[in-house]
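Notes to accompany the following structure.
Each chain gets a letter, A, B and so on, in the order the sequences are listed, and its residues count up from 1. Computation of the quantities below employed the complete heavy-atom set of this structure, encompassing side-chain atoms and omitting hydrogens, waters and symmetry-equivalent molecules.
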Protein chains: 2
Amino acid sequence: MTQTVTYLEALQSRLGERVSTGRADLAQHAKDEGYPQTYLPDAVVYAESEQDVLAVLEIARAHGVPVTPFAAGSSLEGNALPVKGGISLDLSRMSRILSIDAPNFCATVEPGVLYRELSRQARPHGLFFAVDPGADCSLGGMASTCASGTAAVRYGTMRQQVLSMRVALLDGRVLTLGSKARKSSAGYDLKDLFIGAEGTLGIITELTVRLHPLPTFVASARSVFETVDAAVEAAVMVIGSGLHPERIELVDAETVRAVNLYVGSAHPELPTLWIEVAGSSRVELEGQLALIGELCQDAGGSQFATASAESERAELWAARHNAYYALKRLFPDHTSQTTDVCVPISALPEAIAETERLARELDLHAPVMGHVGDGNFHVLLHAHPDDADAWARIGRMSEGMVAKAHALGGTCTGEHGVGLRKRKYLEAEYGSETVAVMREVKALFDPQGLLNPGKILP
Amino acid sequence: MTQTVTYLEALQSRLGERVSTGRADLAQHAKDEGYPQTYLPDAVVYAESEQDVLAVLEIARAHGVPVTPFAAGSSLEGNALPVKGGISLDLSRMSRILSIDAPNFCATVEPGVLYRELSRQARPHGLFFAVDPGADCSLGGMASTCASGTAAVRYGTMRQQVLSMRVALLDGRVLTLGSKARKSSAGYDLKDLFIGAEGTLGIITELTVRLHPLPTFVASARSVFETVDAAVEAAVMVIGSGLHPERIELVDAETVRAVNLYVGSAHPELPTLWIEVAGSSRVELEGQLALIGELCQDAGGSQFATASAESERAELWAARHNAYYALKRLFPDHTSQTTDVCVPISALPEAIAETERLARELDLHAPVMGHVGDGNFHVLLHAHPDDADAWARIGRMSEGMVAKAHALGGTCTGEHGVGLRKRKYLEAEYGSETVAVMREVKALFDPQGLLNPGKILP
C-alpha cells in the first residue's frame, strides 16, 4: 500500500493533472469491446508526448509497477486490459498527424490517431490509409495487434503499412526503426517484432505509415450463392484469376438478414460475396466486373449486381462495416464475443463448414463473415451475460474453431491479436520451443515483466 | 591445432563424405560475387538435410567453431564469407522443391532451391515466384539478405513472400515460424527477425513462399528521357497515378550502351524507363499503356514504344537482367563492386544527382540502374584490381552515396544486405541504441558468436 502511494506520488509530481485515479477514468480503462471481464487499473496517465511515456516507464521501472497501453479501447481479446492493475497508459491524447508526406506516399502520426481521421486528412492529397478494421481504432493499437480488415487482400496488413516507428523501451531507450525508404535489408528487423506485440515489449510513440493513391475508378459487385462453400469457391477463383480486387468479403445469410434489419436494405438473404475492384479507366473496370461475373456464375452464383456510383458503393461497404453492430443489435440483451481465425485459402470451405457444424452441435447462433481473399473469417458468438451454460458452449465452440484452423495449417488469430483469450493456443500453433524463444525475447525487453503483463504468452 | 583436428574428426565421423577439406572446395567457399577479398573456411560441409544442419551446429557449439552458411555464392557484400574460418555450411544440396501447393498459391522448398527453378516448376500451375534479383540465387540466401528485384514494386520483397520457415538454432532447437495462412496476429513475429539476418541468428532449413498467378495479359513500355531526373519524375507520376505496374526500371545512358554492345540491341542510348504492366484483358492493358505514355510525355519523355509479344518482352527484360553482366563485360580486366541504396521515392532525383556528382568529382565510371518504383538504385563501380588509388576513390564514392541516402531519410542497402561492407553504416542509420539492441538480440540467439561471425553488426 505504501508502495502504491509512492509511485502515484511520483506520477503526480512528474505528470500533474495528466494522472487520474477517478472512478470513471479507471472504469473506462477496465474494459474493451470484446472481453467480458473488467480489470481496474490503479491509475490512468493521459500521456501527451513521448517524454510523458518515458516518465511513466521510468516510474514504473523504479517502483515495479505494471504499465498497460490503451488508446481507443476497441480491442476484442482483452489486449489492453490492466489485468495486474498498475498504470493504464492512455495514448489517445497523442493524436497529432505530424505530417502527410504526399510525394512519398506516407504520413507520420502519433499512436493515438484514429485511422479514419488519417484517411480523411489524406483524401485532399489523393491518398488514403488502407487498413480498415471497422471499429474506430487507433493506429498505435492497430500496429500493436497487427490489425487488418477488408482491404488487406490488396494492400496487406499493418505489417505492410508501417514504414517506421519510434518505440520507447522500459529501460528508457527510444528506438528508431525503419525509414521512409520502401525497403531495406540493413540489419535485424526489430520493427516487425513490435508490430503485433501488444505493447508487451515497448510502447510505440510515433509511426510512419504508407498511404496509397485513391483509385481513379472503383466499382463493386455482389453475387449470392446457395451455400457458403460455393461463395468461397468463387472467391478462390477470383484470386486465382490474377485479378487483384480491392476487397472480397463473404457474409452468410444470417449476417445479411441482420444488415437488412439494421439499415433497412433488401439484400437477398443468402451467402453473399461483396467484391470491389479498381482501375485506371471505366473500360478496365467493366472488363474486371465481367470476368468476376463469369467466375461467380461458374461457381453457382446468381443475382450478380454491380454498382459504380459512389453513393451505392458507400452504402454497400457501410453495410459490411456495420455488420458487427447490426448483429449485436439483434440481441440487445446479449453480450457478444467475436473471434477470428485464418487458414490457407483452399481450406476455407472446410474451416467454415466445421464452424457451422459446431454451431449446430452446440446449439449456438454463429453468423460468419470473412475476408475470404485472405482465408480469414470471423464468427460472432453471443449469449445473455448470465447464461453460464451458453458461455460454456461458446468457449467450446471457440476451441473447436481454433483446433480446426490449426489442423488445416492456419492460425488462431488473423487480425485481433492474442490478448488474454488466445494465449492458451500459442503452444499448439508454434510448438513449445518457439514459445520458449518468445519468452526469451520478452525477457530481453522486459526483464521485470511490467509491460502489459498477462498478455500473449501462455 | 588440436582443437581443429578434434572438430574435423567429429564432423567426419557424423557426416562422412559430406565434409570436404579439399583445396578447390575451400577456395570456392572463400569468395562471393561482389567482395574482393577471399576468406578460406577450414572445412566445407555439404548438408543434405535439417539433421545434417543440426549435427554441424552441435559440433560447432561443442568446439566453439564458427559456422557460415553458403549456397549459391551470389551475394555482393561478402555476406556468406567465412571471415573467421571454421565451417562453411553449404546448403546447395538441400535443393528439393518439397511441394507446390497451387490451391494455396505457395510452395515449400529447401533453402538451396534456386528461384528460377521454382518459377519454372510453378509455371505449369499458372503461377510464378515474384522475386528476381537477377543472379542465380538460392531462396535461403534470398531470405537471409531480404532480397528483392524488379518485381518488388508490385509484389514486395522476400519479407512479403516468406509465409513460413523452419530455422535451426545454434542450441539445437528448431523453430517453426508462420504458416500457410496469409496473415496472423498470433504473438511475436520471430519469422521476420530471421529474414535479412544473413544466418547470424540461425540457419533456415525450409521455407514456404508465396506464388502468384501468372498475369493473363502483359505488355511492356519504354520511354527515353534527356535526363535521369526527368525519367525519375515520370516514374513517380506513374506510381502516384494509382497504376500498379509489375516493374518500373530505370537504366542510365551508360547502361543502355553496355546492353546494346552485349546483346546487339539498338536501344536509344539515353536515360530510359522500362515499365511492365499486366491485366485481365488486352483492352485493360491498352488503357494502362496509354496513360503511362501520357505521363512519360508530360515528364519530357520521348520515343515511347510498347511491346506485348512474349518474345519482345522477354528480350527487353533479359536485357535489364543482363545489364550487370553487360557492364562488367565492358571492362574485362576490372573487378567490380556494385552497391545499392534506397531512399524515399521523392528523394530519388537528388540521390541520383549526388551519385553522378560524386562520380564526376572522383573521376569514376559509375553507371546507374534502379528499381525506381521503390526508390532503390544500384551503381556499378569498377577498377583494375591493382589500381589502389581507384579503389580508394570507389570507397569514398560508396561512403558519399550512403551519407546522402541517410541525409535523405533512406537506408544504406535496399536489397543486398549488410554483409561485411555496410556494417560501418548501421549506427548512422539506426542510432547507437538500436544497434545495441540488435547486439542483444544476436547474443540471445548466439551467445558464443559462432553464427556467421563478423557480419551485420559493426
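Top candidate by heavy-atom pairs under 4.5 Å with chain B, chosen from A:Met158, A:Glu198, A:Gln288, A:Arg159, is A:Arg159. Counting heavy-atom pairs closer than 4.5 Å to chain B, the top-ranked of the candidates A:Gly414, A:Gly287, A:Ala443 is A:Gly414. Between chain B and the residues A:Val236, A:Ile239, A:Leu291, A:Leu457, the largest count of heavy-atom pairs under 4.5 Å involves A:Ile239. If you tally non-hydrogen atom pairs under 4.5 Å between each of B:Leu163, B:Leu201, B:Val167 and chain A, the highest count goes to B:Leu201. Between chain B and the residues A:Asn376, A:Ile456, A:Asp374, the largest count of heavy-atom pairs under 4.5 Å involves A:Asp374. Comparing A:Gly240, A:Gly178, A:Cys106 by how many heavy-atom pairs each has under 4.5 Å with chain B, the most go to A:Gly240. Chain A forms the most heavy-atom pairs under 4.5 Å with one residue out of B:Ser179, B:Gly242, B:Pro344, and that residue is B:Pro344. Each of B:Gly156, B:Ala102, B:Cys146 has some count of heavy-atom pairs under 4.5 Å with chain A, and the biggest count is that of B:Cys146.
Using a 4.5 Å cut-off between heavy atoms, B:His244 contacts chain A through its side chain alone, with no backbone atom that close. In this structure, chain B has heavy atoms under 4.5 Å from both the backbone and the side chain of A:Ile345. Of the atoms belonging to B:Val418, heavy atoms from both backbone and side chain fall under 4.5 Å from chain A. Interface remark: B:Lys442 contributes backbone and side-chain atoms alike to the contact with chain A (heavy atom separation under 4.5 Å). Residue contact with chain A, scored on non-hydrogen atoms closer than 4.5 Å, involves the side chain of B:Glu429 exclusively. With a 4.5 Å cut-off on non-hydrogen atoms, B:Ser184 touches chain A through its backbone and its side chain both. Heavy atoms closer than 4.5 Å to chain A are found in the side chain of B:Arg154, but not in its backbone.
Residues of residues 278-286 of chain B lying under 4.5 angstrom from chain A, judged on non-hydrogen atoms, are B:Ser280, B:Val283, B:Glu284 by number.
Residue B:Lys183 forms a side chain to side chain donor-acceptor pair (under 3.5 Å) with just one option from A:His371, A:Glu415, A:Gln160, and that option is A:Glu415.
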Given A:Asp189 and B:Ile195, is the side-chain contact (heavy atoms from CB on, under 4.5 Å) satisfied, shown in steps?
CA-CA 8 Å; A:Asp189 177 18; B:Ile195 295 175; over 6 Å; no

With side-chain contact (heavy atoms from CB on, under 4.5 Å) as the criterion, how do A:Val437 and B:Tyr188 come out once you've worked through the C-alpha distance, each side chain's angles and the decisive distance to 0.1 Å?
CA-CA 10 Å; A:Val437 173; B:Tyr188 301 148; over 6 Å; no

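The minimum heavy-atom distance linking B:Met438 with A:Ala186 is given by the pair CE-O, 4.5 Å. Residues B:Tyr430 and A:Thr176 share a closest heavy-atom pair of CD2-O, 3.8 Å. Counting all heavy atoms, side chain and backbone alike, B:Arg182 lies closest to A:Cys342 at N-SG, 4.2 Å.
Without hydrogens or angle criteria, B:Asn104 side chain to A:Ser346 main chain gives a donor-acceptor distance under 3.5 Å.
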